Structures are given as structure tokens and as C-alpha cells.
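One structure is given here, and the rest of the page talks about it.
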Amino acid sequence: MPRTEQMIAQGLTLVDAINEALYQEMERDSRVVCLGEDVGLNGGVFRVTEGLQKVFGLERVIDTPLSESGIMGSAIGLAMAGMRPIPEIQFEGFLGPAYDQLVNHAARYRTRSRGAVTVPMVVRVPVGGGIHAPELHSDSPEAIYAHTPGLKVLMPSTPYDAKGMLLSAIRDPDPVVFFEPKRVYRSYRQEVPEGDYTIPIGQAKVVAEGRDLTLVTWGASVHQCNDALDTLPEDVSVELIDLRTIAPLDVDTIIQSVEKTGRCVIVHEAPKTAGFGAEIATTIQEYCFLHLKAPVQRVAGFDTIMPYYKLEQEYLPDAKRVSEAVMQCLAY
Amino acid sequence: MPRTEQMIAQGLTLVDAINEALYQEMERDSRVVCLGEDVGLNGGVFRVTEGLQKVFGLERVIDTPLSESGIMGSAIGLAMAGMRPIPEIQFEGFLGPAYDQLVNHAARYRTRSRGAVTVPMVVRVPVGGGIHAPELHSDSPEAIYAHTPGLKVLMPSTPYDAKGMLLSAIRDPDPVVFFEPKRVYRSYRQEVPEGDYTIPIGQAKVVAEGRDLTLVTWGASVHQCNDALDTLPEDVSVELIDLRTIAPLDVDTIIQSVEKTGRCVIVHEAPKTAGFGAEIATTIQEYCFLHLKAPVQRVAGFDTIMPYYKLEQEYLPDAKRVSEAVMQCLAY
Amino acid sequence: MPLKTAYQAKVEYLQIMDENGVVDEKLAKDAMGDQDILELYQYMIKCRVLDETAFKLQRSKRMGTYPQNKGQEAAAIGAGFSLKRGTDFLVPCYRENAALWMHGLPMHYIFLHWMGDERGNQIPKGVCQLPLCIPIGTQMLHATGIAWAFKMRKEPRVAMTFFGDGATSEGDFHEAMNFASAFQIPCIFFCQNNQWAISVPREQQMNSATVAQKALAYDMPCIQVDGNDLLAVHKASRDFVERARSGGGPAFIEAVTYRLADHTTADDARRYRDSDEVEAWVGKDPIIRLRKYLTAKNLWNDAKQAALDEAAKQNATEVVRAAEGIERPAIADIFDYTYAELPRELALQKQTMRTSSLGQRPEQAGLSAPGVSANHE
Amino acid sequence: MPLKTAYQAKVEYLQIMDENGVVDEKLAKDAMGDQDILELYQYMIKCRVLDETAFKLQRSKRMGTYPQNKGQEAAAIGAGFSLKRGTDFLVPCYRENAALWMHGLPMHYIFLHWMGDERGNQIPKGVCQLPLCIPIGTQMLHATGIAWAFKMRKEPRVAMTFFGDGATSEGDFHEAMNFASAFQIPCIFFCQNNQWAISVPREQQMNSATVAQKALAYDMPCIQVDGNDLLAVHKASRDFVERARSGGGPAFIEAVTYRLADHTTADDARRYRDSDEVEAWVGKDPIIRLRKYLTAKNLWNDAKQAALDEAAKQNATEVVRAAEGIERPAIADIFDYTYAELPRELALQKQTMRTSSLGQRPEQAGLSAPGVSANHE
Ligand SMILES: Cc1ncc(C[n+]2csc(CCOP(=O)(O)OP(=O)(O)O)c2C)c(N)n1
Ligand SMILES: Cc1ncc(C[n+]2csc(CCOP(=O)(O)OP(=O)(O)O)c2C)c(N)n1
Ligand SMILES: [Mg+2]
Ligand SMILES: [Mg+2]
């Protein structure tokens, strides 16, 4: 939606930036439609689609029945028939009922039809913990979808990236899962260009340059890692990489950094075992074996169910756990 | 079912062994019921439940509607109410529609109810490629479920292990996903004790001892790896580990081996990226960093959709790819 | 064009007590007696007060997001009252507090749940119910499975599951209904059609005239009742429960009611619905009509109401005290309840509260004690 | 006990031509003309011969698992014939070959599919259909989405999706029906009720008297037709298709038919069903009754049949030649079609046919060329 005075003065939140990308792309491309539970008049439970129905009408911003498989499956059909659907799944926990349509259909059509049928769509999903939400509203399932060939998996951590990445995603000819870290939704504002710009899918970002150790993360954890950097001793120089795209992975940016630093800590909210951190650590030891001065470490969610909110802060990796792991890795 | 003459003379196939475990446990424990598509009169599409309905009746060996979420969800209810359900999902591809019930319910009930409600059940699922089956009948989704706290994930590779592991699984108080590598179903026979025995969940097996390199694998790939061993030069001594249980992982057995050999190759059918091989490789470099003489390597499925059967042999890791990786790792 | 009729069916609607508390005498004969009405009325008042209490707790940040029950008390309790405590099984969604309490759940459990504490789900032994269910539509299959176990073991027990109008759009609803019908499982499906699923009105959720007719797809007996009419809800529930208990199979009940409050405390319903509509339904409040009925029958008066209001307030205070008085949950819980036994890696995580291998075995890094932290912290 | 009726509905059944080829003249008036019948009859014979051909190919290991269509030709083609080629969209399951061919798919594509070759799914430009769908029940949502796009763009186009009786038990069936109904999407749901889902008979799959009544849950127009009666199938399909095209919304058709063969070539139906039942249905074969009808009308005779049989055989030979004559698929295809563009890691996998990093960059191990293999191989 057009910018408010607050946005002009203070910048955009993550919610604002995504809303702006949707608004601008819907203006530009009449094939784009948004659909999902409560995305219309109510503007979505996080107000990400706020105002869009008023501008683009009931036919392009669609309140669907409470039916995630229905949303995903019919969005697949819309995409096949030449539309550019942007289904919203209200919380990452509710990807569950839509799993089959996403993994066994959206991801497979191009290859199973040898290019005759394609599914250009962007599945928007709020993700992650830290907002005192009820059960199944705080998970981080990105590894599941990164393990699914045919899908691209994105997770911006800043308003600026969110807008540019979402515009890329909508224009991408393949299905994209666009995870939005809900903890960042309104946590701060940032200056974001008003015009059209894209951030290429598959490019990580070096948030801070450093010599001694590489810190790799994505989503809300980028901010925890940034906090951790502030607590480290002056003479410790850490390179912080925000993955932005989880699949396909930007191997080169990671490798270049670790070849320089020789040490790496990976941070994510999802449970450690078989989380995406494992893929990164494995890739690093494959390619940087002779450069590594210490084993790659993972600071991740525990291998338990994400707890209800009284204990969620203990579950989520925080700046303290990150900086401790950094110091231990440096001491190795 | 009682042994046939062929079974007495030549041993049991994997199908026979699983059938025998089901038969014996249903005799022993009246709470055990099997349910799924075509598991009754038809004995399952792979004949794993052959004959059971005749012995135990329509109430304990149940042909359900074509409804995987229904099978999984009602099995959860049965388990909660004191039964010991063994749902069969006809092929791993059809876990998709049951994903939500398995991951967001079966796996979570103990923790979300702080032990008040538990889900002791075994989900039997034929898994993997290599039998010229149609689409979605040849996948290997074990990493997905290994990334799900609350589930145990098993995949036997031999008739002997299958019987003992299935008996353990049925008696386990938590939900177990029991993957049955369909390529092995009837590929050979093995002597299997007739009586009751269990193989503890969480224990890997050292199939062959060796000095120079550790080969870690599970399911049907165990046999490919065995074939690969035969093709290696005489003086190369490889330790082959069959994981058997994927979650919880037997870290100790792997670490002990790699501390000795200093090299490791992991083999699995699933796509490489974020596959379970990544977890193992990461764990190894975490714990055996100073012992490693070469980067841990993965011989896995490609990061593509499992192709239709004309090309499946090119997709699946075979003895050649395994032995080549072993030799390259040794040459590092 | 057709030659013959292959199937026909209809859905009937039941109301016994109207908005003015006037009952249809003929229909009322077989309904609940005045003593029961009196008891349940008091329950409903307590429930309403607790609902307001929870709302206030949330507003003062002493509770997380909370979904109010306001206006739906008759539906919940009329149905819940048809079940045998300790025998029949109740599988809730999250908007039938009164039914759960009636069926034996200590009231502060539900508060604990919404305070972000799993102990609110730790159903005491002997209380036959599952914890609240957040993912919509998923719990009906559990009820179906539980009731199926009763049938397999030939126990004269029934399961009842609650869900909203929105929940009927999920695939799991369909699969549960089909299983229950195909295997003639003693499970009662109770839909609280409160007209809204967050911001989506029922007519947009589905194109059908009633929710109840969804049962026709499964040849399952069904009825639509005035969900704000305690008597109608209870009579339909009781009859179907007893029918199921005696082997008659599953049934579906649509209770037509209304969500008088916002969807949850995180919602603002003024964004999407008219206050006129809400006003109209305020007049149909299940509590108001019961009071009118009881007053007309000389079973109730202002003094009794004042005493009840006071008791309800007192009760709320105790519930809040119980919910807030509990010690902070142990962090060990998140590990100890993942499996019956702690796997080794998880035990290590529990012990060190770390996932990094160096955090778990600092000796790897030449550091000494587990959990050692860098000295700058 | 109820006060009033909230909803009522019925399902009607249509048959125009009976098992002896005798038509109900009144009903037949508005049905297909004899020229069309003649053309479709020939199509059905070709389809039957191709079906037998596929069966034999499987038995001689020249094809993988194959699901026969035998006995269901009238259902498939009667429905398919109601669609406009190149305009309306057809979303199949896997047992309606005749409909796909009729709708423009070169016949050998389906053979290629079952020969384990994705090129069988590479639907040619201008042919408005999706490839065969293996996971049951999942494709109906795609049809719903496609038809929804037509509606959004105000194109006078319709989608039709095929599925079996078993498929109606899946949650996705329900979600697709509800979406189509809620948004009044021009999608026709065509159920081939062939009485079996592998070994599970329809009466065990569901407890309802008809499949068609499932549409009542969504207030969706529906009909049950004799699925072995080409005229009835076509009339119902055509009417609903045209109704949808002109904005009338979705509809559901249950075609009562029978799977005369095994479920697939991997199945042995004698394990679970009586030969008596099969025999009874052989008598209702859609081809037999058409031949009787045409013969009685003097439109057909033995000589014509002999010529047709010969042509059908000839056709089958050509189809097999086309399917088997194609070069082996390039292994590059599995990489090239994963995404529109090859990501770097995938390009490396394609180039080296290795996933091990040392296999991809052997120089890491001090070895020279990519793809180098140990010399013992
Ligand atoms: C599977 C799933 N999808 C989405 C949500 C988010 N959500 C919570 S409540 C709700 C609406 C529920 O409506 P209804 O079933 O009518 O119950 P009510 O809230 O009206 O009692 C939605 C969409 C959820 N909890 N679970
Ligand atoms: C989701 C899913 N579950 C299970 C299967 C295995 N399976 C293949 S066909 C079939 C029966 C299908 O019955 P129906 O829908 O009646 O179609 P028909 O084969 O009779 O044409 C089953 C269970 C599948 N392909 N997909
Ligand atoms: Mg509702
Ligand atoms: Mg069928």
C-alpha cells in the first residue's frame, strides 16, 4: 500500500516491506493474486496483506475456506493456468496439511512433465518463535523444504531484503517458499527504496566482515547473532553471513569466508538434528577441509518439540549461546 | 504366519520376517491391530500382512478407506485409547497426506500433554527405489522424520534385523516410523530365529570391520555398499556400518569407527541436500575433528526428483559410485 | 432428465426454548428437567465470568492470546452434560471450556494452557478428555480412533468431539466423518457453528445452506439445533450419545450459535463484521433466555442471581490463583517428555543446555568444565 | 423431535441405453446422435485393443505396472466427448485413456508414461490436459485451480477432473469440492465408481448409498448415471459442462461402472473378489450394448466390425512402435527440468554424475580429471 507518513519518516517494518512488494507487483502484473485465510478484509492475521483487497478487489485478494491443502492445491492449479498465485499459510505449523500438495505436486510438476507444466507461485509463511504465540505457531521447518528438490526456500531477515527477495520470488518461474520471520515483523524499521528492485535468489549476504570466525545464520537469528557480536571482546573479528536463500544454497559465499577464517558457527532456531545447519557444516568440511582450524559448530533449537511460550526463550538460541559457541570455537 | 517349508529350508525374506513379527506379536498382545489400505484379505500390496486377517479377524486386521490422514489420525486415537495400532502407509510417497497427523500430532502428544497422553504406534512404510515402480513409489524421506523430535525412525536392511527391530518398535511407548526397504523385500533369504527376540532401537550394527575407512549407510544401500566392498582392492579395509536406527542416532558406534579409520563415506538414496547424511557428517566432524584425514563424503541421490524408472538406476547410488568415492577418499 | 431417485434425505432443525425463554411444551417433555437446568445455568454463569477474567488477564499481559467462549456456553455445556464423566471421552477444539469443566477438568488447566504452560494439557488421570487442540480440524480423527478402540473392546463408551464451522473445510474433517461412518464408530461430531472463522463468515466458508447436511455425504444421522438453546442442544446430544452407546453408530450435530466476542484477544472483529449483527445475536444470548425461563417458573430471582454472581467471582479468583500460583515449569520438562526415555544426545542437551558439541564437551576445545562460558559474559 | 426441515435434497439416477442396447426414446431425444455414437464406438474399440496391448507389453516386461481401463470406456469417453478440445481442460487420474486421446493426447504418451518415461507426461502445446496422476485424490484441486483461473479471466472454459470411488475418501477431494462450490468454479467432478479401490469394495470405502450424495455436502448439483451407458454419461456431462461454461458453477457426476480387469498388472483380483460378480458385470459391458444398438439400427454389421478390429490392431501396432521407438531419455533431463535454471550445485552434479565433493572436484584429493574413477573399476 502507499506509504504512510510514519513509513516515510522512519522507514519500513518487515510487514510494510512485504506489503509494499505485494502492492507494487499486483499493480504491475495482473496475473498476481493473493489467497489464504483472512487475507482479505482482515488484511491477514499479521496485517501483511492490509488494504490490498480494497485496492485490487475480491477477485485478486481472496479469503479462502479454512483449508490449507485446498489453498495450496488450488494455487497450484492457478499457477498452471497462467496466474501468479501467492498463497498465504497462516503459520508455519499449518503447512502440515498442505505438505503433500507442496512437496509432492508443486515441487514436482516441472520435472514430471518435462517442462510442459510449471508452477510459478510464492507460498508466503510466517515462521519461527519468540512472539508468545500458541502451539504450532513457532516452528522452523525450513530444512524439510530445503530437502525437497524443485522448491526454492527463502527467508529474509530485513525489510530491505524482504521487498527485493519477494519481487524476485514472484517473478521466478518455479515454486518458492517464502518464510517470513514473524519475530522481525515489527521489531524495527529500515529505509527501503520505494521503487522496484530485486535481490537475486541464491545470494547470501555478508552482513559484517571478519577474520577469525564465520557465523552463518538466517531469519530472525540474524538479529540474535548481531547482538552476540556486540558482546564479543574487541579483538575478536567475526564475519556474519545472512543466508537469505536456504535453497539453492550459496555455497561460494560460505566457502570463501571459511577459507579465510578457518572457523564456523551456524545458528538456527529449528531442532539441531537434521536441521539445515547440518547441510552447511557438511558442505564446509567437504570444501574447506584443509582450512578448518576447529570443527564447525551448531547453535540450534534443542531436539525437542518447540515448547509453549513460558519456556520458549530457553529453547531459542540467544546471543549468549551464540557468543559462547564463538568463543569456544576460537579457543579450539 | 507359521513358516512354510520353503522358509524352513531356505530362510526368510524381509517380507516373511516382518510378517512373522506381526503374527507373533498379535498373538502375544491382543492390543495390537493392523490397519491400512488393502492390508486385510489382500494381505497388503506387498503381501506383508498376508494371512493375518484370516487368523486375527476383520477387527484386528482392518482394510481402511483410501485415506492416509484418516489412517494415521485414527491410529493415533487408537493408541491413545490403549491399543497398539500398526498403520501401514502403502508407499512412502503417500506419507504426504498423513504428514500433518504424524509430525504435528503423533510426535507431539507426549510432550504437549506432559506425559498424560501418549501414542505408542508403529507406522509401517515401504520405502526407496529400484523396483521399477510408478511415480511417488520410490522415495526416501527418512531425513524429514528424523528432523521431527518425538519420532523414532527405523530402517532395517535384513530379515533378521527386521523381525527384532519390529518387535522392539511395537513394544516401544512412543511413535515409531518403520521404513521397509522394498528393494530388499524379496531380494534374498536369511536364517531368522523362530522365537521372540528384540534388537534395541538406537543401535547401529558393524556389518564388516575395517581399518582404513568407515562406510555408513542404511536400508537397501547396505547391500549396494556390500557389493562395493567386493570390488575394492584387496589391501583396502573398510568398516561398514548399517545404521538400522536413524533417529535416535547411534553416535558412539560411528565415532568409534571414524576415530579408528579417520575417513568416512556416507551412502543414502535420498537427495543429498539436507539428507540425513549431512547430520552424520556434521556429527563426525564435530566429534572426530582431529582424527579426520579427509573430508567426510556423501554418495547420495541427486538433488532432483526421483526419476521414473527408465532412469532410476542412474539416480540411485550404486556400487560403482560408492567404491569410487571410497577410493577418492582414501587418496585424499 | 433422470429416471429414478437414487437417494434422498433431509436435515431437521430443533429448538425447544426460544429467545424469550418460552418452551415448546410438547418438545420439552423429553428434555432436561428443571433441576438440571438450574445447575447448568449456574455453571454457565461461572463460565462467563471466567471468560471475562481470562480476557482481562490477557489485557494485563498475565495471559497470552485467549479465545473467548462468550455466547456459546449453552452449546458447550448442553453437549458436555450428555456424556458420562469418567466413561465417555471428550475431544475438544478450544472454545468449549464449560464442557471440559463439566466433564471433570480442573478449571485452572485451561488458564494454564493459555498462559503458555503445557501443564494445562496434563489431563489428570480419570478425566477422559484430550487437551485443547490448536490446529483446526485435526482432533476429530483422534476422537474417531478413541471411540473405535471402545468399539473394538466392546466397551459401552462414546467419544464426542467439538469443532467450529470453519473446521469443516479441512480434509481431516471429511476423513474422520468417513471413517466413523464406514466403521460405525461411536463418535459424536459436535459442530459449534458460531458463524465465523476468524474473519470469514460461514456463508463464505461453504456454499451449503446448513453445516449439518455435510453428514449426508456419509449417510450419518444429523440434526441442526438452536445452539443457544440449552434444552435443544442437550436433547439432541443425549439422544445421539445413547444411540451410539447402544451400537447405533456416529452422528453429527450442528449447533447454531454465535461468537459474541472477537476471535481471540489478538483479533479485532470490528474490522470485518457489523455491530448490528452482533447486537442481534446479543438478544439470543443463551444465558438471558435461561434466566427468563427460570424466573418465569419462579425458580430464580435477583437475590439468587446476586449470590451466584458473587460465587462466580469468587470462583474466578481461585482459578486465577491456582493458575498463577504454580511454580515456573522446569526447563528439564522439554527434554523429559520428548520420549518415554531420554536418548543420549538429548540427555546431553538437557545437561548442558547447549547444542554445539564444544558447548557439550568443552574439553574438546581444551576448556575444562561443561557449560563453561567465555569470560566476557 | 424436530420442529422444521432445514434442508432437503435428492440424488437422481439416469440410464438411457440399457444392457441390451435398448434406449428410452424419450430420454434419448436430447442425447447423442447416431453419427457420434458410431464414431465413439470405434474409439472405444481402439481403446480396448490398446488396453489389451498394454497388458501384454507388461507381461513381456516391455512395460511397467499398468492399470487396465477395460469396462470403463463409456464413462471415460462419454465425459471426455463433452469437452471442447483445445479449450476445456481435462485433469485425469489414470484410468480414462479414451478421454485423454479423444481430447487430443497422442496415444503413445500414455504408453510412455507406464514405460517409466516422463516424456509421456510432456503434454504437447495446445492439448489442454494435465499428465496422469498417481497419488490418489490429489489432482482435483489442480482442476479446481485451473477452472478458477478461467473464471477469474472470464474465459468461457471449463475443467473436468476424473477420479475413482476410492479417491473420494481423501481429504483433498473434500477440499476441492468445497472450494469449487464456495467460489462457484466451473469445474466438473467426474467419479468413475468402478466398485473397487484395489481390494476394497465401494461399500466398505464408504457407508453411503451413492457416491453422488457426497455433493450434497456442498449444495453442488449432482447425478448418478449408468457409467456403462455412453448416452447417459454424455448427456449428464454435456449438460453440466455447458451449465458451468455459462456461469452455473460446478457439478458432480457419479458414473456407475466396473473395473473388469485387475487393479493393475501387479494385482490379482481373484484374491479378493468373486468371479460371479465379474461375470455379472461382463454382461453390462459398454461396448456390447453399443454394438447391439448399432446393429439393431442397421448401422453396424460383422464385416464392419472385422474391419474395425483390424484397424484397431493396426493402430495398436503404431502406438507401440511410437512408444518403443523413442530414444532412451537423456540422463541430463533429470537435472534440466528440476528448475527453469540449473542452480550451481545441481550443474555440478549433472556434469560429474556424482554427489561426493571429491567426485565432483577430484583435484581436492590430488586426483586430476573430473569423474576419474579408481583404476580397479
Ligand atoms: C490448521 C489450522 N489452520 C489455521 C489455523 C488458524 N486459525 C485459528 S482459529 C481459526 C478459525 C477457526 O474457525 P472455526 O473452526 O469456525 O472455530 P471458531 O474459532 O469459530 O470457534 C483459524 C483459521 C489453525 N489454528 N489451524
Ligand atoms: C494417496 C495415495 N494413496 C494410495 C495409493 C495406492 N493406490 C493406487 S490406486 C489405489 C486405489 C484407487 O481406487 P479408486 O480411486 O477407486 O480408483 P480405481 O483404481 O478404482 O480406478 C490405491 C490405494 C495412491 N496411489 N495414492
Ligand atoms: Mg466458527
Ligand atoms: Mg475404483
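Because the structure is predicted, anything quoted here is derived from the model rather than measured. Here is the naming used below: chain letters follow the sequence lines, and residue numbers restart at 1 for every chain.
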Quick check: do D:E12 and C:K4 have side-chain heavy atoms less than 4.5 Å from each other? no
Heavy atoms, side chains only, cut-off 4.5 Å: are C:Q8 and D:Q8 in contact? no
Check your understanding: Under 3.5 Å, is there a donor-acceptor pair between the C:S181 and D:N207 side chains?
Key -> yes
Checklist entry - Regarding D:Q205 and C:N178, is there a side-chain donor-to-acceptor distance under 3.5 Å anywhere? => result no
Ranked by heavy-atom pairs below 4.5 Å to chain D, first place among C:M206, C:E170, C:M220 goes to C:E170
Among D:A9, D:A182, D:A176, the residue with the most heavy-atom pairs under 4.5 Å to chain C is D:A9
Interatomic distance, CG@D:L216 vs NZ@C:K10, rounded to 0.5 Å, equals 15.0 Å
Here the gap from C:D219 atom CG to D:K214 atom NZ, rounded to the nearest 0.5 Å, amounts to 9.0 Å
On a heavy-atom basis, the closest approach of C:A217 and D:A217 is CB-CB, 4.2 Å
Residues passing the ring-ring contact (aromatic ring centres under 6.0 Å, His included) test with D:F150, sequence neighbours excluded, are none
Is it the side chain or the backbone of [X] that comes within 4.5 Å of chain C heavy atoms, both, or neither?
{"X": "D:Q15", "answer": "both"}
{"X": "D:S169", "answer": "both"}
{"X": "D:E203", "answer": "neither"}

Okay, C:Q204 and chain D: the region with an atom under 4.5 Å from a heavy atom over there is backbone
Whatever's closer than 4.5 Å to a heavy atom in chain D on C:D30 counts as neither
Query raised in the report: So C:F173 and D:H174, would you call those rings parallel, tilted or perpendicular, with 30° and 60° as cut-offs?
Result: tilted
